[in-house]
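Structure first, then comments.
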Amino acid sequence: MVTLGSDTTLESIDRLTLDYLAILEEIAVSKQQLESVLHEGFQNLSHTRLVLGQTAISPLSYNNVMEPTALITYEKVDDSISFDLEIGHGNKIVSESNNETKNSKQSQSSKTSSASDPIRWFAALPPHSLRSARSNFQKSLVVITHLATLQSRAESFRKQIHFPSTQ
Amino acid sequence: MATEEYPVRCEISVPFPTNQMAEIALNSLSPDPEPRNSLVTKEFILDDNILKLNQMAISIHRKLIAIIGDEDTCTGFLLGGTGELNAAKQANFFTVTKDTSTKDIEDKFKLFTTRNDIAILLITQTIAEEIRYLLDNHTMSIPAILEIPSKDHPYDPSKDSILKRARGMFNAEDFR
């Protein structure tokens, strides 16, 4: 229930509500994107099964030592959290704060060494569909990182609308 | 003494009475080659009677993406490079099969949301439905919880916790 307050309070609630709805729409669009890139990834995994066999693409093929090459850094921006994705060592893929793709300085071993590349667990000579699947899932990580940032902003708007700070 | 490759460094120097003792300490602390860990690299240096430990990291805050999903979902994301299986055999993913109990899923959810090295938790929407009350009550910003569609079930926005909260915001009563 909104108690009658000054015009500025009502205006700011209106503004926040519009921002909130805009973010929710962005989230809906990103989720659609995510769904379609994941769908492609699963299709590619199925194609790979036709080539390599059912058990090759399953938890049976997982290594017993795993090192992640996709990692997340995050920082607080105003009242919400902005997430960044890093694939490989020190190569930033997505920077939410500037909303553009940038590559930071390359480290000496910028390519994942073949020993720790997960695609090797499934096949020594990965077929094309497996490589496509990998790139689908890597792309999905970019969308996921963007979604995490949007979700955090949405939550912060929601809290501000629900509990407006009294002035 | 950070280098370009490892901007975050911590050096600890421990003096010992003699060089021999320092060497004994070194041999006790690192009998096996250090397992490769992409987050923090450790090295021991013996400098006369001082044992130095250098810990280097690329960033303090690089965190993991955890997954709770069916076999294909986990396989896919592991292929994408999110998987970690550390020395203590702890994984940052949990494969749910038809035999997995709801309690196991709840326990894994609680584990992943209390670990301090996970920034994002992915969970397929069908599994999220089984532990919906846990997701609805999760209000911490880290880890961020994302519901993702599974292979067999398309994403349903009406079930998503984040969007449900939004619907709860705008009640017809408010506009009277």
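In this text the structure is predicted, and so the values were computed from the model without any measurement. Proteins get letters first, then strands, A, B, ... in listed order; numbering begins at 1 in each.
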Query raised in the report: Is B/Leu79 close to A/Leu130 at the side-chain level, that is, under 4.5 Å between some pair of heavy atoms?
Result: yes
Requested in this report: Name the region of B/Thr139, side chain, backbone, both or neither, that has any atom closer than 4.5 Å to a heavy atom of chain A.
Outcome: backbone
Query raised in the report: Taking every heavy-atom pair that is under 4.5 Å apart, which of A/His39, A/Gln138, A/Lys31 has the most such pairs with chain B?
Result: A/Lys31
Report summary line: Between A/Met66 and B/Leu78 the two heavy atoms that sit nearest each other are CE-CD2, 3.6 Å
Report summary line: Applying a strict 4.5 Å limit to non-hydrogen atoms, the region of A/Leu141 in contact with chain B is side chain
**Report entry** A/Phe122 portion near chain B, given a 4.5 angstrom heavy-atom threshold
**Finding:** side chain
Query raised in the report: Is there side-chain contact between B/Leu64 and A/Leu71, with at least one heavy-atom pair below 4.5 Å?
Result: yes
Report summary line: For B/Thr95 and A/Pro59, the nearest pair of non-hydrogen atoms, with its separation, is CG2-CG, 4.4 Å
Query raised in the report: Are B/Ile142 and A/Phe83 side-chain neighbours, meaning at least one heavy-atom pair lies under 4.5 Å?
Result: yes
Report task. Could you look at A/Arg49 and say if it's the side chain, the backbone, both or neither that has a heavy atom under 4.5 Å from chain B? Result -> side chain
Query raised in the report: A/Glu155 versus chain B, heavy atoms under 4.5 Å apart: side chain, backbone, both or neither?
Result: side chain
Requested in this report: Determine the option with the most heavy-atom pairs under 4.5 angstrom with chain A, choosing from B/Pro154, B/Gly83, B/Ala119.
Outcome: B/Gly83
Query raised in the report: Are side-chain heavy atoms of A/Tyr62 and B/Leu85 found at a separation under 4.5 Å?
Result: no
Requested in this report: Of all the heavy-atom pairs spanning A/Ala148 and B/Leu146, show the shortest one and how long it is.
Outcome: CA-CD1, 3.8 Å
Query raised in the report: Would you say A/Leu38 and B/Phe77 make side-chain contact, with heavy atoms under 4.5 Å?
Result: yes
Query raised in the report: If you look at every heavy atom in A/Leu34 and B/Pro149, which pair is closest and at what distance?
Result: CD2-CD, 4.4 Å
Query raised in the report: Of the backbone (N, CA, C, O) and the side chain (C-beta and beyond), which part of A/Ser140 lies under 4.5 Å from a heavy atom of chain B, both, or neither?
Result: side chain
Query raised in the report: Which atom pair, heavy atoms only, marks the closest approach of B/Ser141 to A/Ile81?
Result: CB-CD1, 3.9 Å
